[in-house]
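Below is one structure; the comments refer to it alone.
Atom set for the values below is all heavy atoms of this structure, side chains included, hydrogens, waters and symmetry mates excluded. To find a chain, count down the sequence lines: A is the first, B the second, and so on, and within it residues start at 1. Keep in mind the model is a prediction, meaning the values are calculated, not measured.
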Amino acid sequence: MTLELHGLAKSYGSFVAVEGADLMVGRGTFLTLLGPSGSGKTTILSMIAGFTEPTSGQIFLDGKDITSEPPEKRQFGMVFQGYALFPHMSVAENVAFPLRVRGMSKAEREEKVRGALDLVQLSRFADRLPKQLSGGQQQRVALARALVFEPALLLLDEPLSALDKKLRAELQEELRALHRRIGRTFINVTHDQEEAMSLSDSVAILNHGRIIQLGAPEALYEQPRTRFVADFLGKSNFLPGTVRELGQGTLGVQVGALRIRQEPGAAKVSLGAPVLLSLRPEKIRVLGDADTADNVLEARVTSWSYLGAGFSIIAETAVGPLRLAMPAWHAPFHPAEGAAIRLGWSAEAATIVEDDDAGA
Amino acid sequence: MQARNAGWWALLMPAFLLLTVFYIAPILQVLSISFTEPELGFGNYERILTNRSVQRTLSTTGRIAGITTVLALVLGYAIAYSVTMASERARRWWILCVLVPLWISVLVRAFAWVTLLRRQGLINEALIGMGTIQEPLELVWNEFGIIVGMVHYMVPYAVLPMLSAMRDIDPRLMTAARGMGASRWTVFSRVFFPLSLPGVLAAAVLTFILSLGFYVTPAILGGGKTLMVAEWISVQILDLIRWGFGTMMATVLIVTILVTLGVFSRIVNMRRLFGGGH
C-alpha cells in the first residue's frame, strides 16, 4: 500500500485551505500531520478520505488515481474526531456496521467483531451503548470499528483530543503498540506536538496550508528547517545575526556584540548574509568557573520556575533574554532572581533556520 | 430542603388556583352532566354500544385522524429532512415557509380550500379545461376534503418536533457511516432514520391528538355530511339540546386523548414534544 499526494490543493472561494501538498506514505508507516488549527491538516485528511473534493491535484493509491472516488469506495478505516459512534447501536453493532454494509454473513461478522473488540480489550462491553462507556473506551470502540474490516489505511482525526492528559498518554502507547502489531499504515492528524512526536515514524508539519517540513520526529526536532518548525516542536531561542567568518567547519556569526561560533549544518550561507539561529533551551549549559564552551555568555537570571525534573530559567544576556532548561538533579547552582551566571553552548548546538516569520 | 420546595409550590399556587377554578372545575362540571342527564347513571355511555350514529362518528373520527396523521408525517418528514440538510441560509427560509401557515386563521385556510376544491373550483375547472375529466370530481364536502384541509393544517405541527429531533443528530455520524462504506440509502435507513424516530413518534402523538378534536376544518370542508367528534358534540348540544349525550362524547374524547398521551409518554420524551428542555 502506497499513498501519494500530488500537488493536492483546496480552496474555498479566495481562502486557500491547502496549497499544493506533496506526500508519499509507504506501507506500514505511522505518519502524523501536525499543525496549528487552520493549517489545513484536517482538510488534507478529509481529501484523502474522500469527504472533501480537492480543487486541484491528485491522490494515488498503489499508482491508481482515486481522486474522484467517493469515500465508500476507498475502503479506508477512519477514527473521527469525537468518535462519531452511533448512539442507537451497541458497541458490537457499532463495530459490525462496516461489515454489515459490506454484506458479510452474520457468523463471519460476529467472529470479526469479537476479534476487533479483543484487539482493543473491550470484549466485555460488547452489549453496552456508547454513552455507557468512558471517553477512553469510546475511543477504543471507534478504533475497533475503523479496523474491523482490515483497511490498508487507517485515518485518525485528532483521535485523542477529547481525553484528559493522563488517559491520552496511556492511549498513545496503546495506539503505538497496535500500529506495530497489525503493521498497517496510519495517518494521524493532531495539533499536539507531543502526541505527534511520540506516535509517529514520520511527521509532516503544516502551516497556512503548506507542508513546511517532513521527516522523522528526531530529525524535525534536531534539524528544524524553519523558525516555525523550531517554535512549534518544543521551545527554542532565536538569535538573528550576520555571517562574518567562513572558517573550516565553523562559521562566525555576529549577534549583537557577540561573535558566535556555529557549525553551518545543511544551511548554505555566504559572507555577510543574515542568518537566524535556533537554540534549544536544553542545549545551553550553565558553566562552572573552570568550564569552557565554544560560545560563552554572561547572564543574569530574571525569572525561573521549578518543574520537578528541571528548572526553566529565563536569563538576560547581551543578546537578549535566553530561555534555558537545567536538570534539577545535581544542578550546578540553585536559581535565584538576579543571580549572575555563565552560559555556554557548543558550535553544533544551534541550528540555522529559515525565518518564515512564525511569530507573526 | 422541604421548606424550600414548599416555597416554590407557593409560587405556583395562584396559577394553579386560577386553572382549577376557571378551567378544570367547569370542565368537570360539564362532563359530569353526561352521568346525570337525562337521568342518573351510565345510560349515555351505553349508547356507544347501541347507537349507530355514535359509532359512525367515532370510527370516522379515528379513520380521518389516522389518515391525516400518516400523511402529515410523511410530508412533514420530507420537509424536516430537507430543512435539516439545507444550508444555514436556506434553512431560515424553509422554517419561515413552514411557520407562515400557522399564522393564518384556520377559517381562512378552510375557505381557501373550498374555493380550490369545489365543483366549480380552480382544480376542477383546470382539469376539465385540460380535458382530463368530463365531470367535476367530488373533492370537497366529503372525507377527502376534510383530510386535505387537515393535512395542510397539521404539517407544520408534524415538522417541528421532527425537525428538532433531526437537528440533534450529529452530522458527523452520517459522514462516518459513508466513510465506512455505507451507501446513501444505508446511511439513511440505518443511521439517520432510527435516530429521528423519537421525533417521528412525538409528531405522531401531536398530530393525532390535535386531529381527534378538530372542529373548524371538518365542519367547513365536510359540509355537514361527514361528522367528526367535535362537530357531532356541537350538533348534540347546540342544535338538539341533548347535553348528556353531547358531554358523554366529550368525555370519551378527553379520555381517548389522555390514554394516547399516557401510552406514548412511555415511549417518547414528552418534554421534547411540548418544547421543554432536554
Side-chain angles (χ1 to χ4, degrees), chain A residues 42 45-52 69-90 93-104 112-113 116 129-131 138 141-151 153-159 162 187, chain B residues 73 77 80-81 84-91 161-205 264-273 276-278:
Chain A
T42 304
L45 195 77
S46 177
M47 287 193 281
I48 295 174
F51 298 129
T52 304
E69 279 196 357
E72 66 266 26
K73 285 273 166 60
R74 301 194 183 189
Q75 310 275 356
F76 298 157
M78 184 150 181
V79 174
F80 294 83
Q81 199 169 7
Y83 320 136
L85 298 178
F86 304 124
H88 59 303
M89 298 184 196
S90 71
E93 285 168 341
N94 260 287
V95 177
F97 187 83
L99 307 175
R100 188 185 277 271
V101 302
R102 282 170 176 73
M104 193 176 275
K112 295 237 179 209
V113 168
L129 286 174
K131 64 168 181 243
Q138 289 183 16
V141 175
L143 208 56
R145 190 178 62 175
L147 288 170
V148 70
F149 61 100
E150 295 172 12
L153 178 62
L154 180 68
L155 306 172
L156 302 128
D157 186 4
E158 308 247 2
I187 299 181
Chain B
L73 284 183
Y77 197 93
Y81 184 77
T84 311
M85 295 298 160
S87 69
E88 195 60 45
R89 241 178 87 85
R91 187 179 296 150
M162 292 197 281
L163 187 61
S164 139
M166 287 179 190
R167 294 201 57 181
D168 280 349
I169 301 174
D170 185 346
R172 285 180 301 187
L173 296 178
M174 274 75 82
T175 317
R178 292 271 285 161
M180 280 179 272
S183 65
R184 282 173 195 280
W185 169 248
T186 313
V187 172
F188 177 78
S189 63
R190 293 222 175 264
V191 181
F192 190 88
F193 184 69
L195 287 172
S196 68
L197 266 184
V200 175
L201 283 175
V205 182
F264 276 88
S265 67
R266 297 194 167 263
I267 316 171
V268 187
N269 184 352
M270 277 296 148
R271 282 198 295 178
R272 184 202 286 281
L273 177 55
H278 299 302

Which answer fits [X], side chain, backbone, both or neither, if we ask what part of it has an atom under 4.5 Å from a heavy atom of chain B?
| X | value |
| --- | --- |
| Leu85(A) | backbone |
| Arg100(A) | side chain |
| Phe76(A) | backbone |

**Message:** Within the 3.5 Å criterion, strictly below it, is a donor on Ser196(B) or Tyr77(B) matched to an acceptor on the partner's side chain?
**Reply:** yes

Option that, when pairs with chain B are counted at under 4.5 Å, heavy atom only, ranks first among [options]:
| options | value |
| --- | --- |
| Gly82(A), Ala84(A), Pro70(A) | Ala84(A) |
| His88(A), Gln75(A), Arg102(A), Gln81(A) | His88(A) |
| Arg145(A), Met78(A), Lys73(A), Met89(A) | Arg145(A) |

**Request:** Could you tell me which portion of Thr186(B) (side chain, backbone, both or neither) has an atom closer than 4.5 angstrom to a non-hydrogen atom of chain A?
**Result:** side chain

**Asked** Charged N to carboxylate O under 4.0 angstrom, Glu69(A) versus Arg74(A)?
**Response** no

**Prompt:** Which of the residues Ile169(B), Thr175(B), Leu197(B) is involved in the greatest number of heavy-atom pairs with chain A at under 4.5 angstrom?
**Reply:** Thr175(B)

**Prompt:** Can you find a heavy atom in the side chain of Leu173(B) that is under 4.5 Å from one in the side chain of Pro87(A)?
**Reply:** yes

**Item:** Pro130(A) and Asn94(A), any side-chain heavy atoms less than 4.5 Å apart
**Value:** yes

**Fill in**
Distance col, row Phe51(A):CZ vs Thr42(A):OG1, nearest 0.5 angstrom, shows 13.0 Å

**Asked** Looking only at heavy atoms, what is the nearest atom pair of Pro161(B) and Ala202(B), with distance?
**Response** CB-CB, 4.1 Å

